[in-house]
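Everything on this sheet refers to the single structure shown next.
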Amino acid sequence: MAGQHLPVPRLEGVSREQFMQHLYPQDEKYYLRSLGEDPRKDVADIRKQFPLLKGDIKFPEFFKEEQFFSSVFRISSPGLQLWTHYDVMDNLLIQVTGKKRVVLFSPRDAQYLYLKGTKSEVLNIDNPDLAKYPLFSKARRYECSLEAGDVLFIPALWFHNVISEEFGVGVNIFWKHLPSECYDKTDTYGNKDPTAASRAAQILDRALKTLAELPEEYRDFYARRMVLHIQDKAYSKNSE
């Protein structure tokens with residue numbers, strides 16, 4: 001109640017490990033991700049949502065102030081895992097306290113990751129079901145550990161899977177490295193594909209629906225021609 005102070009229990013003889021186990025049982029996971037004032041319209045900015053912390057963090061000067069998109073405050077309990085996904089903006093992952101393991105995959109390995117939207121369907125990346133996801137073994141993984149004070153640069157489109165090995169606090173800083181008009185204006189999380197990519201995907205969906213009007217043999221033949229045309233015209237020459 002307002003104006004009253006509740007007694008704080010004393011934890012004499014209790015170790016930090018025992019206390020953390022009491023707060024975070026092994027079968028429960030907790031995760032906080034800061035949002036804007038109105039998540040549908042406003043981006044997360046630690047300087048606005050947590051003004052008391054404003055002076056405690058200095059953004060590395062990797063970008064100009066006008067390129068800033070968001071700063072996301074994250075708190076996670078031990079064992080929490082964020083699925084393999086990509087973001088469309090360059091970002092920095094700053095580990096304030098605790099320890100994280102980060103596994104990354106190149107955008108050029110997207111064909112091996114069994115994507116559904118921006119996420120991989122392969123949830124267990126350490127012991128994947130290769131009978132269900134046989135191509136996953138071809139994806140080359142890059143792995144690192146982050147401890148308090150470490151900063152990891154995660155380029156746009158690079159897939160990353162993050163596991164909290166300890167209770168941890170971190171901050172992500174995203175910025176627009178492409179011209180602002182390239183991004184979806186309704187995107188407050190930094191994970192919607194650029195507008196040109198979204199339009200291209202819609203056009204491809206319409207093309208595939210049109211091919212469906214053909215008999216199977218013709219549909220197969222012209223779909224293969226489309227793939228070859230995309231490889232010839234759209235893929236980077238050094239992407240193989």
Side-chain angles (χ1 to χ4, degrees), residues 40 43 63 67 69-70 81-91 93 102-144 152-162 172 174-240:
R40 297 172 299 176
V43 300
F63 55 92
Q67 293 177 285
F69 176 72
S70 67
Q81 181 175 19
L82 294 183
W83 53 83
T84 305
H85 67 285
Y86 69 87
D87 300 298
V88 300
M89 299 181 190
D90 289 343
N91 75 91
L93 173 55
V102 185
V103 178
L104 302 104
F105 301 93
S106 167
R108 292 177 179 174
D109 282 347
Q111 59 190 315
Y112 308 133
L113 298 180
Y114 297 88
L115 297 182
K116 187 173 184 180
T118 64
K119 306 176 183 65
S120 170
E121 292 184 357
V122 185
L123 299 180
N124 189 343
I125 63 172
D126 295 319
N127 187 27
D129 183 350
L130 295 180
K132 186 176 182 180
Y133 306 111
L135 295 179
F136 185 76
S137 62
K138 296 185 177 183
R140 180 178 179 182
R141 59 190 283 162
Y142 303 82
E143 185 172 324
C144 67
L152 176 65
F153 171 57
I154 304 178
L157 308 184
W158 272 74
F159 297 90
H160 45 287
N161 182 293
V162 183
N172 271 115
F174 294 85
W175 66 92
K176 299 179 179 180
H177 61 285
L178 300 177
S180 294
E181 59 269 21
C182 293
Y183 299 101
D184 188 325
K185 291 183 174 58
T186 66
D187 185 9
T188 58
Y189 287 83
N191 59 7
K192 288 188 178 181
D193 291 318
T195 53
S198 296
R199 291 198 306 270
Q202 293 170 359
I203 293 170
L204 178 59
D205 284 340
R206 289 198 294 269
L208 293 174
K209 289 179 181 178
T210 303
L211 282 184
E213 299 173 7
L214 296 171
E216 182 178 357
E217 182 179 357
Y218 283 79
R219 184 169 66 246
D220 180 272
F221 172 72
Y222 285 105
R224 293 178 186 274
R225 281 194 59 186
M226 287 176 61
V227 170
L228 291 172
H229 188 65
I230 292 174
Q231 289 178 332
D232 182 53
K233 299 296 184 182
Y235 279 16
S236 171
K237 297 299 181 182
N238 61 353
S239 63
E240 297 300 330

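All heavy atoms count here, side chains included; hydrogens, waters and symmetry mates do not. In this text the structure is predicted, and so the values were computed from the model without any measurement.
Using a 4.5 Å heavy-atom cutoff, the side chains of Phe136 and Leu113 are in contact. Considering only heavy atoms from C-beta on, Tyr183 comes within 4.5 Å of Met89 through its side chain.
Environment of CD in Glu216: sparse, with no more than 12 heavy atoms of neighbouring residues, nucleotides or ligands closer than 6.0 Å. Counted within 6.0 Å of CD on Gln111, heavy atoms from surrounding residues, nucleotides or ligands total more than 12; the atom is thus considered enclosed. Counting heavy-atom neighbours within 6.0 Å of Trp83 CH2, excluding the residue itself, gives a total of 12 or less.
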### Message
Quick one, Asp87 with Ile154, criterion side-chain contact (heavy atoms from CB on, under 4.5 Å). Give me CA distance, side-chain angles, the key distance, then yes/no.
### Response
CA-CA 9 Å; Asp87 300 298; Ile154 304 178; 5.7 Å; no
#### Entry: Audit row: Asp126, Arg141, side-chain contact (heavy atoms from CB on, under 4.5 Å) steps and yes/no
CA-CA 10 Å; Asp126 295 319; Arg141 59 190 283 162; 3.1 Å; yes
### Query
Checking side-chain contact (heavy atoms from CB on, under 4.5 Å) for the pair Leu152/His160: CA distance, chi angles, key distance, verdict?
CA-CA 11 Å; Leu152 176 65; His160 45 287; over 6 Å; no
### Task
Would you sort out whether Gln202 and Arg206 count as a side-chain contact (heavy atoms from CB on, under 4.5 Å), showing the intermediate values?
CA-CA 6 Å; Gln202 293 170 359; Arg206 289 198 294 269; 4.1 Å; yes
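Checking side-chain atoms of Asp109 against main-chain N and O of Tyr112 turns up no donor-acceptor pair under 3.5 Å. Listed for the Gln67 side chain is a donor-acceptor partner under 3.5 Å among the backbone atoms of Lys176. Checked by atom type and distance alone, the side chain of Asp187 pairs as donor or acceptor with a backbone atom of Asn191 at under 3.5 Å. Of the possible donor and acceptor atoms, none in the side chain of Tyr218 sits under 3.5 Å from a partner among the backbone N and O of Glu213. Asp184 contributes no side-chain N or O that, together with a main-chain N or O of Thr195, makes up a donor-acceptor pair within less than 3.5 Å.
Note: Leu115 CG to Glu121 CD = 8.5 Å, rounded to the nearest 0.5 Å. Atom CG of Leu123 sits about 6.5 Å away from atom OH of Tyr133, to the nearest 0.5 Å. In this structure, CZ on Arg225 lies 12.0 Å from CG on Asp232, to the nearest 0.5 angstrom. Atom OG of Ser180 sits about 10.5 Å away from atom CZ of Phe69, to the nearest 0.5 Å. Atom CG in Leu208 sits 12.0 Å away from atom CD1 in Ile203 (nearest 0.5 Å). Rounding to the nearest 0.5 Å gives a distance of 5.0 Å between CH2 of Trp158 and OH of Tyr142.
Salt-bridge check for Asp220 with Arg224: passed, with a basic side-chain N closer than 4.0 Å to an acidic carboxylate O.
The two atoms that bring Tyr222 and Leu214 nearest to each other are CD1-CD1, 4.1 Å, heavy atoms only. Residues Leu135 and Tyr114 come closest through the heavy atom pair N-OH, 2.9 Å. Here the shortest heavy-atom pairing between Val88 and Pro194 reads CG1-CD, 4.0 Å.
Below 30°, between 30° and 60°, or above 60°: for Phe153 and Trp175 the angle between ring planes is below 30°, a parallel geometry. Below 30°, between 30° and 60°, or above 60°: for Tyr86 and Phe159 the angle between ring planes is above 60°, a perpendicular geometry.
Using a 3.5 Å distance cut-off with no hydrogens or angles, the side chains of Thr186 and Lys192 do pair a donor with an acceptor.
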